[in-house]
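Below is one structure, written out as structure tokens; comments come after it.
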Amino acid sequence: METILVKDENPIRWIILNRPDRLNAINLKMIEEIEETLKEVENNDNIKIIIITGNGRAFSAGADISQFKELDPVKAWLFSTKGQGLMNYIEKYPKPTIAMVNGYALGGGLELALSCDIRIASTNAELGFPEINLGIFPGFGGTQRLVRLVGKGKALELMMTGDRIKADYAERLGLVNKVVSPDALENETKQLALKIAEKSHIALRLIKAVVNYGLDSPILSGLEMESLGWGVVFSTEEEKKRVEEFLSKRSK
Ligand SMILES: CCCCC/C=C/C(=O)SCCNC(=O)CCNC(=O)[C@H](O)C(C)(C)COP(=O)(O)OP(=O)(O)OC[C@H]1O[C@@H](n2cnc3c(N)ncnc32)[C@H](O)[C@@H]1OP(=O)(O)O
């Protein structure tokens with residue numbers, strides 16, 4: 001891999017964006033390599049959860065601006081579609097995903113973090129959509145995902161001003177789940193990943209599917225999906241084992 005490092009620490013696959021001299025700016029190659037490494041473990045039962053982070057002082061400072069000079073309208077459209085394809089794939093990925101935001105998460109970098117299920121940020125992280133300062137706007141799904149996470153007013157303010165915000169404010173907005181010191185970031189993220197990885201992977205997969213489907217549907221369709229998913233978990237050994245364990249402890 002040219003643009004990412006991949007490390008398996010079962011049950012975790014770490015994907016580390018690795019263009020530190022460019023603050024992990026996202027180019028076409030990086031999009032393809034992230035997709036490739038995710039595809040590789042989609043059906044690998046040893047890997048139960050994915051953590052995405054950045055090497056150096058940034059998670060990612062966004063799409064690689066040096067590529068923009070080559071973009072004509074059609075290429076820009078295709079680049080946006082390609083990036084959106086990756087973000088959609090991560091959002092629907094059958095295993096849980098965590099973005100470990102170790103520094104700048106800007107533009108396309110923030111869009112990558114937004115496509116993950118959970119975001120843990122370091123106190124020194126700065127997040128934002130500075131695209132407006134380049135005369136453009138988020139194009140890897142940020143216009144849609146940010147508004148769903150923090151509400152229309154704050155989302156529009158962030159996109160219209162291009163302001164970078166600190167991690168503690170991002171936490172208050174609901175943009176990140178938790179903020180921890182840089183020293184504690186890796187361990188805290190890992191502990192969270194291990195805690196989630198212990199749960200029933202079928203139930204985890206259904207939670208993601210039902211929540212994501214529900215966000216794009218009328219509530220009655222979302223509720224129907226929830227009930228169908230409920231039916232599915234009762235076909236699993238995991239459910240039988242875990243309920244049995246709980247009940248047998250109670251009866252002692
Ligand atoms: C067509 C579909 C597009 C999809 C939608 C996505 C759009 C985007 O993401 S547009 C990009 C949005 N991001 C930005 O505008 C941030 C740009 N970077 C910065 O503002 C600053 O680098 C900083 C505030 C993040 C950090 O500043 P500083 O600490 O002073 O570090 P440097 O500016 O010296 O950066 C070091 C090195 O990294 C290069 N670099 C940083 N960001 C990018 C980037 N997004 N693309 C390409 N290269 C980047 C920067 O040029 C420096 O390189 P050298 O000059 O060679 O040292």
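Sequential numbering from 1 along the given sequence is applied to the chain's residues.
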Cut-off 3.5 Å, no hydrogens considered: what does the side-chain donor-acceptor table look like for residues 66-77, sequence neighbours left out?
{"residue": "Ser66", "atom": "OG", "partner": "Asp64", "partner atom": "OD1", "Å": "2.5"}
{"residue": "Asp72", "atom": "OD1", "partner": "Val74", "partner atom": "N", "Å": "3.1"}
{"residue": "Asp72", "atom": "OD1", "partner": "Lys75", "partner atom": "N", "Å": "2.7"}

List, one per line, each side-chain donor-acceptor pair under 3.5 Å for residues 212-221, sequence neighbours excluded.
{"residue": "Asn212", "atom": "ND2", "partner": "Glu91", "partner atom": "O", "Å": "3.1"}
{"residue": "Asn212", "atom": "ND2", "partner": "Lys208", "partner atom": "O", "Å": "3.2"}
{"residue": "Asp216", "atom": "OD1", "partner": "Arg148", "partner atom": "NH2", "Å": "3.4"}
{"residue": "Ser217", "atom": "OG", "partner": "Tyr213", "partner atom": "O", "Å": "2.5"}

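For Asn102 (side chain) and Gly56 (main-chain N/O), a donor-acceptor pair under 3.5 Å exists by modelled atom type. With hydrogens and angles disregarded, no donor-acceptor distance shorter than 3.5 Å links the side chain of Asn55 to the backbone of Ile16. Looking at Arg19, its side chain does come within 3.5 Å of a backbone N or O of Ala25 through a donor-acceptor pair. Side-chain N or O atoms of Arg119 include one that pairs as donor or acceptor with a backbone N or O of Ala113 at under 3.5 Å. Listed for the Glu111 side chain is a donor-acceptor partner under 3.5 Å among the backbone atoms of Phe140. In this structure, Asp117 contributes its side chain and Thr97 its backbone to a donor-acceptor pair below 3.5 Å. Remark: side-chain polar atoms of Thr143 are not paired, donor with acceptor, to backbone N or O of Gly139 under 3.5 angstrom. Side chain of Thr37 to main chain of Ile34: no donor-acceptor pair is present (N/O by atom type, distance under 3.5 Å, no hydrogens or angles).
Using a 4.5 Å cut-off on side-chain heavy atoms (C-beta onward), Val176 and Ile120 make no contact. Residues Val41 and Ile50 meet the side-chain proximity criterion, which asks for heavy atoms closer than 4.5 Å. Taking the side chain as every heavy atom from C-beta outward, Met87 and Gln84 never approach each other to under 4.5 Å. Side-chain contact between Leu127 and Leu106 is absent, with no heavy-atom pair separated by less than 4.5 Å. Counting only heavy atoms from C-beta outward, the side chains of Ile51 and Ile15 never approach each other to under 4.5 Å. In this structure the side chain of Met159 never reaches within 4.5 angstrom of the side chain of Phe137, judged on heavy atoms. Within the 4.5 Å cutoff, no side-chain heavy atoms of Met100 are placed close to those of Phe59. Inter-residue side-chain proximity for Glu2 and Met30 is flagged as unmet; no heavy-atom pair is nearer than 4.5 Å.
By the 6.0 Å contact criterion, CD on Glu245 is enclosed, its count of non-hydrogen atoms from other residues, nucleotides or ligands being greater than 12. The neighbour count for Lys7 NZ, taken as heavy atoms of other residues, nucleotides or ligands under 6.0 Å away, is above 12.
A donor-acceptor contact closer than 3.5 angstrom links the side chains of Gln191 and Asn187. Side-chain contact annotation: Ser200 with Arg242, donor-acceptor N/O pair under 3.5 Å absent. No hydrogens or angles considered: a donor-acceptor pair under 3.5 Å links the side chains of Ser122 and Asn124.
Pairs engaging residues 21-33 under the side-chain hydrogen bond (donor to acceptor under 3.5 Å, both in side chains) rule: Thr3-Glu33 [sequence neighbours left out].
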Inset, instruction - Starting from the C-alpha separation in whole Å, work towards a yes-or-no answer on side chain to side chain contact (heavy atoms under 4.5 Å, CB included) for Cys116 and Ile52. - result: CA-CA 8 Å; Cys116 293; Ile52 303 180; 4.0 Å; yes
Inset, instruction - Please test Phe79 against Ile31 for side chain to side chain contact (heavy atoms under 4.5 Å, CB included), starting from the C-alpha separation and ending with a verdict. - result: CA-CA 10 Å; Phe79 187 36; Ile31 291 175; 3.7 Å; yes
Legend entry - Worked verdict on Leu146 versus Phe129 for side chain to side chain contact (heavy atoms under 4.5 Å, CB included): CA-CA 10 Å; Leu146 184 68; Phe129 279 134; 3.6 Å; yes
Inset, instruction - Dump the intermediate steps for salt bridge (Lys or Arg N to Asp or Glu O under 4.0 Å) on Glu9 and Lys190, then the final yes or no. - result: CA-CA 10 Å; Glu9 210 180 348; Lys190 200 167 142 179; 2.7 Å; yes
Legend entry - Test log, rule side chain to side chain contact (heavy atoms under 4.5 Å, CB included), inputs Thr53 and Leu185: CA-CA 11 Å; Thr53 190; Leu185 183 65; 5.5 Å; no
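If you chain together hydrophobic residues whose side chains sit under 4.5 Å apart, Leu17 and Ile98 never meet in one group. Hydrophobic clustering keeps Ile12 apart from Ile90 (ILVMFWY residues linked when any side-chain heavy atoms are closer than 4.5 Å, directly or through intermediates). Using a 4.5 Å cut-off between side-chain heavy atoms of Ile, Leu, Val, Met, Phe, Trp and Tyr, with links allowed through other members, Tyr89 and Leu28 fall into the same hydrophobic cluster. Both Leu114 and Val179 sit in one connected hydrophobic cluster of ILVMFWY residues. Membership requires side-chain heavy atoms under 4.5 Å apart, directly or through other members. Residues Met225 and Ile202 do not share a hydrophobic cluster, defined by chaining ILVMFWY side chains whose heavy atoms lie under 4.5 Å apart.
Of all heavy-atom pairs spanning Pro96 and Leu204, the tightest one is CG-CD1, 3.9 Å. Counting all heavy atoms, side chain and backbone alike, Glu131 lies closest to Gly108 at OE2-N, 3.9 Å. Here the closest non-hydrogen pair linking Ala105 and Val101 is CB-CG1, 3.7 Å. Contact between Ile26 and Ser60 at its shortest, heavy atoms only, is CG1-OG, 3.5 Å. Closest approach of Lys95 and Glu42 over heavy atoms only: CE-O, 3.2 Å.
Cation-pi check for Lys39 over Tyr93 is not met; the charged atom does not lie both under 6.0 angstrom from the ring centroid and within 45 degrees of its normal.
How far CZ of Arg13 is from CG of Leu38: 8.0 Å, rounded to the nearest 0.5 Å. Distance check: Phe234 CZ to Lys240 NZ gives 8.5 Å after rounding to the nearest 0.5 Å. The CG atom of Asp163 lies 9.5 Å from the OH atom of Tyr169; values are rounded to the nearest 0.5 Å. Once rounded to the nearest 0.5 Å, the distance linking CD of Glu157 with CD1 of Ile165 reads 9.0 Å.
Remark: Ala197 engages Pro11, Lys48, Ile49 in a side-chain contact (heavy atoms from CB on, under 4.5 Å) (not counting sequence neighbours). Residues that satisfy the side-chain contact (heavy atoms from CB on, under 4.5 Å) test with Asp168, not counting sequence neighbours, are Lys166, Arg172. Every residue two or more places apart in sequence or in another chain that forms a side-chain contact (heavy atoms from CB on, under 4.5 Å) with Asn10 is listed here: Asp8, Asn46, Ile47.
Using a 4.0 Å cut-off between charged side-chain N and carboxylate O, Lys178 and Glu188 make a salt bridge.
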